[in-house]
Amino acid sequence: RRPHAARGDLGRGGCVGGGRRRLRARSAMSFRDTFTKGDQNEELLGYDDTAFYYFAGSLLVAVAVPWTLSLARSALCPSRATDGDAPSVGQKGEKVLTCKSSTMVVRVDPEKQDQGRKSRSLLTQAGVLLVIWALLVFMYLRVGSAQREINRFDPFEILEVTSSSSAADIKKAYRKLSLVYHPDKNPDDPLAASRFIQITKAYAALTDEGARKNFEKYGNPDGPQTSKVGIGLPRFLLEKDNQLMILCIFFFFLLFIVPMTFICYYQRTKNYAANGVMIETLQFLGFHISESTRVKNCPELLAASAESRAMTKRPTDNEAMKPLAQQVTEHKAGQFQKHPIIMRNSFLIWAHMQRLHHLMTPELRRDLDELLKFSIRVSQAMIEIACMREWFFTAQAMIDFRRSLVQALDVKGPQLLQVPHFNDESLKHCAKGKNAVSTLSDFLSRTAEQRRGLADMDPQQVADVEAFCVHVGDVEMKAVVEVEDEKDIVVGDIATVVCQLKRKNLRPDEDVGPVHAPLFPGAKYEEWWVFLVEGTPGTRILAYERIRDLGVMMEAKLRFQVTRPGKYRMDLHALCDSYAGIDKKHELNFSAYTQEEVKREIIVHKEDEDLDLQPTLFQQFMGDFGQEEESEEEEDEEEDSKRKSKGSKSAAGKSEDGTLSKELVGEGQGDDGGKESSKEGGDEDDEDDEDDSSASSSDSD
């Protein structure tokens, strides 16, 4: 019995233990379900991606359509394509005229400029557009095959019966469909479970009274329902398995990519000023530029800028620089001999100004092009520093240095080297004979037959010279000093110098194109600097302005204050930063009077008087509040005036009473008996008054 009892006890213990385990598992499951009921795996049954396809397709269409039109225009009409360096149409629709010399046509013409690079770019763009259009077609097909509208809950359609079906037919259809879509028969199909739930609800809506009322009132047998709507979101963003990954990507983008983008942008831009020049360069130039700085100092200043010092050095630079070092002429010894990068770039600038490009290796030529590209910004800073300090000769030297870089001219070099195909022999020929010329302005003023130095040139070279002269042209300058709306200039006035420059080689509907600069990388446009300078012996800049207009007419207005009476003599300079030898100078003479010598009438227009009567902005803002205060003040003034008038009337009445009593007394004195009686009465009254006064004094004691 003991073994049997033991086995029985063991069996019962095993059953009990198994029951306890099942109970613990059931309680644990119910506990977990209690706190994770809202986190059940919700299958995205029937989720519609149509909204996402519409959203993504709209974005792609907005990008693909204009891009395709632009690419088609560039491919089919290359002559109309706009080149980034030399546009063919101005900002206001004017025709841009470019230099037609053979050297500049190759650089500027869009059809001849780097065709290989452009064709590769077009092929790359075409490939990207094909991918975008393929995605659009795919989305269109998906949207077309998707369900176009959201179906409402229809129990008859779900049970596949008609609205006139009997209860038996409905029950039969329910049993048939429930057997087909029962979850136990379809364990791996989540759509079957969703379909079974819909069948059950549809049957309840048609048989159960409460479910039918809910269906008739809310359109659902379960009563009012809530729905989840995702606009423009694909299915994978809403799946629970991808939520952790999407959350990690979002925080990585938000906490790393965005801050790093701003940090990199700040680190890149914090070293630059608003004009695009590095702050370190501005500090360096502000320290080293003085009133005695001239063109011979500028190459080393440019080479010592922070932009230049940031360029890379190569071990082969020493060997490649030897031919240049032997041929370059430095007009001033360098101050920074201990810095190899400054010395190398300084030699490159001098070699460019002396046209020794044939001695440069391809690597050095690329370094020179990089130097010349940022030289425009650095030289602009040099000019502005000289202008702010009112040093005219220094500013003029900075402009001379800039056009020496653009035209590859040495310090005080011959201006005629700017003409295409001119060399030392051509210069010697131009200096001889009756029509000898030495400046560019004189050469441009000659007719084609009078120009010298063309005897040894072929027809193409002569055509290039003629195209250069037509492109540069001549500039006419006019200037006048005036005070706006006044005939005379008086001490204390703000005088205005109106300077007009007219390009004679242009028509009103034309703009001048890039300057003729075959040795300068990229396109450079003309800029004119107008300076108003004190007459000799002073050279202080009174006013200046930078003109960047490319049309036929250019205008600048320079303003200054008249500080003393008497005669004035000033010089107006117009300097071109792209060509040497076409600068203009105009002498201004005028007289200033004192305020006593010139009597000016102050004319007040009727419109100004009407404006004075209009309420101010503050008065309009205050509105009725100010009017109430004014009305209260007016009422107080009226009450004061009434009180004063009453007081004056009472004073006038008292004076009339006094005159009447005097008249009565006079009449009484005329009668004798009246005199005695009045005298006796007066004595008695005096006695009574004395008694009253004594009584009052005793009372007061």
Side-chain angles (χ1 to χ4, degrees), residues 86-101 103-105 108 399-400 402-403 406-407 409 414-422 430 435-454 462-480 497-518 523-532 545-558 571-588:
S88 58
V89 180
Q91 296 181 353
K92 299 181 181 180
E94 300 90 346
K95 182 180 179 181
V96 177
L97 301 181
T98 58
C99 184
K100 300 302 180 182
S101 63
T103 55
M104 293 302 296
V105 166
V108 175
I399 296 176
D400 288 339
R402 172 184 274 195
R403 56 193 175 201
V406 174
Q407 297 295 336
L409 294 177
Q415 299 177 4
L416 295 181
L417 288 179
Q418 302 172 100
V419 183
H421 311 296
F422 263 55
C430 290
N435 295 322
V437 292
S438 60
T439 62
L440 181 61
S441 59
D442 292 340
F443 185 82
L444 296 175
S445 62
R446 299 288 196 272
T447 60
E449 295 77 12
Q450 295 176 344
R451 291 175 184 140
R452 304 181 64 85
L454 311 179
V462 174
D464 291 344
V465 173
E466 183 64 24
F468 170 80
C469 296
V470 171
H471 181 69
V472 177
D474 192 15
V475 177
E476 181 183 358
M477 181 179 182
K478 295 181 180 179
V480 62
V497 177
V498 181
C499 175
Q500 292 183 344
L501 299 173
K502 181 181 179 181
R503 293 187 175 97
K504 296 182 179 180
N505 60 326
L506 296 181
R507 290 181 296 182
D509 59 342
E510 294 177 343
D511 281 357
V512 64
V515 301
H516 179 274
K524 172 68 176 69
Y525 291 87
E526 285 186 21
E527 292 182 8
W528 286 80
W529 288 80
V530 182
F531 296 94
L532 181 63
E545 187 170 344
R546 176 189 180 193
I547 303 177
R548 305 181 68 181
D549 192 0
L550 302 176
V552 61
M553 291 296 300
M554 299 177 288
E555 184 177 276
K557 293 184 178 181
L558 309 177
D571 294 329
L572 188 66
H573 298 266
L575 308 180
C576 179
D577 75 330
S578 302
Y579 297 107
I582 62 173
D583 299 339
K584 299 296 179 180
K585 180 181 178 181
H586 188 82
E587 184 176 326
L588 300 173

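Positions are given from 1 along the sequence.
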Next on the checklist: If I take atom NE2 from residue His573 and atom SG from residue Cys499, how far apart are they, to the nearest 0.5 angstrom?
Outcome noted: 11.5 Å

Checklist entry - Between Gly581 and Gln415, what is the shortest heavy-atom contact and its length? => result CA-OE1, 3.1 Å

Checklist outcome for this item: Glu526 and Ser578 have their tightest heavy-atom pair at CA-OG, 3.7 Å

Next on the checklist: I'd like to know if the side chain of Arg503 reaches the main chain of Gly551, judged simply by a donor and an acceptor atom lying under 3.5 Å from each other, with no hydrogens or angles considered.
Outcome noted: yes

Next on the checklist: To check you understand the geometry: which heavy-atom pair defines the closest contact between Trp528 and Val475, and what is its length?
Outcome noted: CZ2-CG2, 3.7 Å

Item to check | Given Val480, Asp571, Leu532, the one that forms side-chain contact (heavy atoms from CB on, under 4.5 Å) with Leu588 | outcome: Leu532

Checklist entry - Does CZ in Arg507 sit with more than 12 non-hydrogen atoms of other residues, nucleotides or ligands closer than 6.0 Å? => result no

Checklist entry - Does His516 offer a backbone N or O that forms a donor-acceptor pair with the side chain of Gln407 under 3.5 Å? => result yes

Checklist entry - What's the shortest heavy-atom distance between Ala580 and Leu409, and which atoms? => result CB-CD1, 4.0 Å

Checklist entry - How about Asp474 and Asn505: do any of their side-chain heavy atoms sit closer than 4.5 Å? => result no

Next on the checklist: Test side chain to side chain donor-acceptor pair (under 3.5 Å) on Thr439 and Asp442; report intermediate values, then the result.
Outcome noted: CA-CA 5 Å; Thr439 62; Asp442 292 340; 2.9 Å; yes

Checklist entry - Less than 4.0 Å between a side-chain N and a carboxylate O, is that true for Lys502 and Glu476? => result no

Next on the checklist: As an exercise, state the distance from CE of Met554 to CZ of Arg548, rounded to the nearest 0.5 Å.
Outcome noted: 13.5 Å

Next on the checklist: Please determine whether a side-chain nitrogen of the Lys or Arg among Asp464 and Lys100 lies less than 4.0 Å from a carboxylate oxygen of the Asp or Glu.
Outcome noted: no

Checklist entry - With a 4.5 Å limit on heavy-atom distance, are the side chains of Gln418 and Leu440 in contact? => result yes

Next on the checklist: How close do Leu444 and Arg451 get, counting heavy atoms only, and between which atoms?
Outcome noted: O-NH2, 3.7 Å

Next on the checklist: Keeping Asp583 on the side-chain end and Cys576 on the backbone end, is there a donor-acceptor pair under 3.5 Å?
Outcome noted: yes

Next on the checklist: Would you say that Val497 contacts Lys557 through its side chain, given a criterion of any heavy-atom pair below 4.5 Å between the two side chains?
Outcome noted: no

Checklist outcome for this item: Here the gap from Trp529 atom CH2 to Glu545 atom CD, rounded to the nearest 0.5 Å, amounts to 10.0 Å

Item to check | Phe422 and Phe443 aromatic centres sub-6.0 Å | outcome: yes

Checklist entry - Heavy atoms, side chains only, cut-off 4.5 Å: are Phe531 and Leu572 in contact? => result no

Checklist entry - Any idea which heavy atoms bring Val515 and Tyr525 closest together, and the distance? => result CG1-C, 4.2 Å

Checklist entry - How far does CG of Leu506 sit from CE of Met553, to the nearest 0.5 angstrom? => result 11.5 Å

Checklist entry - Ignoring hydrogens and geometry, is there a side-chain-to-backbone donor-acceptor pair from Gln500 to Ala479 under 3.5 Å? => result no

Item to check | Side chain to side chain, Cys430 and Leu416, heavy atoms closer than 4.5 Å | outcome: yes

Checklist entry - Ion pair present between Glu527 and Arg546, side-chain N to carboxylate O less than 4.0 angstrom? => result yes

Item to check | Backbone of Pro514 reached by a side-chain donor or acceptor of His471 within 3.5 Å | outcome: yes

Checklist entry - Is a side-chain donor or acceptor of Asp577 paired with a backbone partner of Arg403 at a separation under 3.5 angstrom? => result no

